[in-house]
Amino acid sequence: MPDVMTPTPGWSASHQGYNVMTESAVESRFALGNGLLGMRASRSINRRPTWVSWLGYIRWASWPRCYVAGLFDIPNTEPPVPALVPVPDWSRLHVIMNGDPLSAYAGEILSGVRSLDMHRGVLLSDWKVRMPSGLIVAGQELRLLSQADRAAGLQVLRLTLDRDDVEVQAEASFALAGLDMDPERMDQDVGAWRTESTGKRLAIAGDITVRLGEEEPLAPMRPFSLCWLWDWRSKAGQTVEFRRLFTVARSDDMALDPAPDAIDALSRVRAIGWRGVLEAHEAAWRDRWAAGDVLVDGDETLQTALRFAAYHLTSAANPEDERVSVGARGLTGDAYFGHVFWDTEIYLLPFYMAAWPQAARAMLMYRFHTLPAARDKAARQGYRGALYAWESASTGEETTPERVVGPNGELIPILTGLMEHHISADVALAVWRYWRATDDDDFFVSAGAEIMLETARFWASRAVLEADGKRHMRHVIGPDEYHEDVDDNAFTNEMARWNIACALDALELLQARWPEQAAALQAKLALGEPELADWRDAVARIVSMFDPDTGLYEQFAGYFGLEPIDLAAYADRTVPMDVVLGRARTSASQVIKQADVVALIALLPEAFPDASALTNFRYYEPRCAHGSSLSAAMHAMVAARLGDADMALRYLAQVAQLDPNPNAAGGVRIAGLGGIWQAVVLGFGGVDMTGDVLALDPRPPTQWRSLSFRVCWRGRTIEISIAGGTVTATLVEGEAVDIRICGTARTLTPVVPIEAKI
Ligand code: IFM
């Protein structure tokens, strides 16, 4: 049986050594998470903070941080918006040997490797240090945040010295310095805190034992709360093992003390012991991989990138908590303050729908619970219905900062919170698609339909009838944020039209299948026939930016007249295009930040008649500067669907880079990771989950020997494998179901897989 410290072959990403320039990115990329807890992959032994300066910003090279989902507070810093607060670091260990601190920076690092074992969901470290005194210390560590019991985490750390009789002192504590929370309770094994302005409450309980070889555990001294101290004399070659279990509980209710929950959770994990915790966690990850692994034979880098993507997507989600959703960096860093964007519904949801529908549901329920704030936002801007926050935290109030301080200290206004309205249609699209793909009627009737109707109501009030007889949407920002305050953004207009039309269908369906609930919902929303007639009018009259003669959408009114820029001439640039050209020239040019019309091709292919999807892709793809991490994977997916496998692979290679890119310092860009999955499964794999039946129309690159994965579809699990020009669909779980495979309608039964030539 392999030792618990041995990484699973073929499933691990490793990083050798330590480099101040990339440390923060490594900590993000190898971060652990279980949807409730997140922890960056900082080294736990005697960390020394170092900082680097980059593009005028000063940033700590190492950024040790632990997070609890939903624990937002408004810090006393610029900008004053709710931000995910760091919580006490539960992995800290301080070791002194004959009076010298053991550290990864003093002395000589003889070896040092951190490995993220994605299969087991554990972070492993293995290092050897020669201290200035000449003493050689070897360390091994395993850390996890339990996928089986989200409140719990485990750290196992082994130290071996090469000399006898060294006086060793070890201190395990929770790093409390600099914590912006008010302490409420500081008992020996339990601490509790309250956030300063939002009054959310957090409790952590801990239990740690130390064993010298096979001997009985050492008795700790307990000098103060949440701190354990041991001392002993070393024997050369004897391994000392630290086993730390900790549990966390959060309460959003000021009157509810979370400490009893943390203590209960600690009893639960103590009862099964650290090995029990590890085994349950590994079993839970095995289940997740059975559902979410994608196998590509023929591209090793992409295979690792796909697993890396599924690892982080899985680590970010929590099907048990409808009060939180996935932020733009998951729980791996504090860029974007932990805020939730359209990234979740558009870039992540398809993965969860196919691999983990319960997680998808919880994220959509978060949007349901934040509907009141979306209604308030719409009303404050003078509209009806629900306008979701462009950046959302706990309550769904708009949390986009109104300004940021630029590199030279200047204040830069941010308009997205005011104008990037497509978020409401993005949420509605995700709601509808989730319901179609899962048949989760309970969700649709009790939550989804209301979101559909309230977002449609927003759009109908947003699209204003003008003298030309058309309904316009002025002063918006589409996905391309290089162009702010534009009129009639094609993406926004078409998504809005779809949202209203689909809400009308949803209401009809509700009336037909659940008449009582439909009547109750209409009464609750005071939604009557005159308003529905206005919605139909909006569907017909919202400005279309499509020109049937050229087959092109104009990205927004006036886009075609902007300065064309040949991006190929800037191929060697090292900074984004808006930095190269400056903000003013960029916005007066045709340079696009990220997939905009191209994203529309992906989301609403029916809005592109005949060959116009290709026409638009060919027009817009060369104009996109990919100034956002969301862009390349979306281009990969569309290119794959349009049959340009080489271009799709080129884009995928950009997002599949495994190097610790400094851009990841503030956390992994999880939307890009969701995009990788979409490009492979929905793009090359040709899976279409948007219709009444699951449709498969694969177009894999010729250089791949095979591609296989599973998808959940309306209560079934279907395995799809594509190899040698044949696609095979196998019903792994659930009842017979109709599917469409390479254009032909078939019934998939439990007994016989279906095969088709591609
Ligand atoms: O949601 C995105 C946006 O589209 C581009 N800027 C970053 C945001 C968060 O990822």
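Nothing fancy with the numbering, it's 1 onward along the sequence. Order of appearance sets the numbers: ligands from 1, and atoms from 1 within every ligand.
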H422 and W459 aromatic centres sub-6.0 Å: no
Lining ligand 1 at under 4.0 Å, by non-hydrogen atom distance, are residues A328, Y336, F341, W342, D343, W390, E481, K593, Q594, S628, L630
How about E621 and H635: does a side-chain donor come under 3.5 Å of a side-chain acceptor? no
Please report, to 0.1 Å, the donor-acceptor pairs under 3.5 Å made by any side chain of residues 557-568, with sequence neighbours excluded.
residue : atom : partner : partner atom : Å
Y559    : OH   : Q590    : O            : 2.6
E563    : OE1  : R585    : NE           : 3.1
E563    : OE2  : R585    : NH2          : 2.7
D566    : OD1  : A568    : N            : 3.1

Partner of F341 under ring pair (Phe, Tyr, Trp, His ring centres under 6.0 Å), chosen from Y347, Y336, Y388: Y336
Test of understanding: with side-chain hydrogen bond (donor to acceptor under 3.5 Å, both in side chains), list the residues that count as partners of E398, not counting sequence neighbours. K377, T400
What residues, two or more places apart in sequence or in another chain, satisfy side-chain hydrogen bond (donor to acceptor under 3.5 Å, both in side chains) together with S28? R40
